[in-house]
Amino acid sequence: MFMLNVLIMFVLSLVVLLLFNAISVKINEDDYLGVYECGFDSIVEARAWFSYRFFLLGVLFIVFDVEISLLLSVPYCVGGGMFMVLLWGFMFILLGGTLYEIEWGSMDWV
């Protein structure tokens, strides 16, 4: 019975996909495929260069932001004590690493 339900859902999804693909409007004009800059013709290339250091800083921020937000709730859920000490130790290690990078000038451009 389960396999029949899965098969019906798969076939239904495939039919809907093919139906939407068949009735969709396809535009092949260059105006719609080109770069749009507030109605003006583009002056520079659309793929502008960006700083890899800024991208790396953004990725590191997201990783550590999620990690810290998940770790902050652990001691309160488990009951405190030793977990709270480990959390604060981890926070001080992160703070020490940040201060080390600031001291050696790797964050001067920020």
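- Partners of Ser24 under the side chain to side chain donor-acceptor pair (under 3.5 Å) rule, at least two apart in sequence or in another chain, are Lys26.
- Leu4 belongs to a hydrophobic cluster whose remaining members, ordered by chain and number, are Ile8; membership requires side-chain heavy atoms of ILVMFWY residues under 4.5 Å apart, directly or through intermediates.
- Following chains of ILVMFWY side-chain contacts shorter than 4.5 Å, one cannot reach Phe61 starting from Tyr100, and the two form parts of different hydrophobic clusters.
- In the hydrophobic clustering of this structure, Met3 does not group with Met9; members are Ile, Leu, Val, Met, Phe, Trp, Tyr whose side-chain heavy atoms approach within less than 4.5 Å, directly or through other members.
- The side-chain contact (heavy atoms from CB on, under 4.5 Å) test applied to Val11 returns Leu7, Val15, not counting sequence neighbours.
- Phe20 pairs by the side-chain contact (heavy atoms from CB on, under 4.5 Å) definition with Val16, Ile23, not counting sequence neighbours.
- Qualifying side-chain contact (heavy atoms from CB on, under 4.5 Å) partners for Phe10, counting only residues two or more places apart in sequence or in other chains: none.
- Not counting sequence neighbours, the partners of Leu14 by the side-chain contact (heavy atoms from CB on, under 4.5 Å) test are Leu18.
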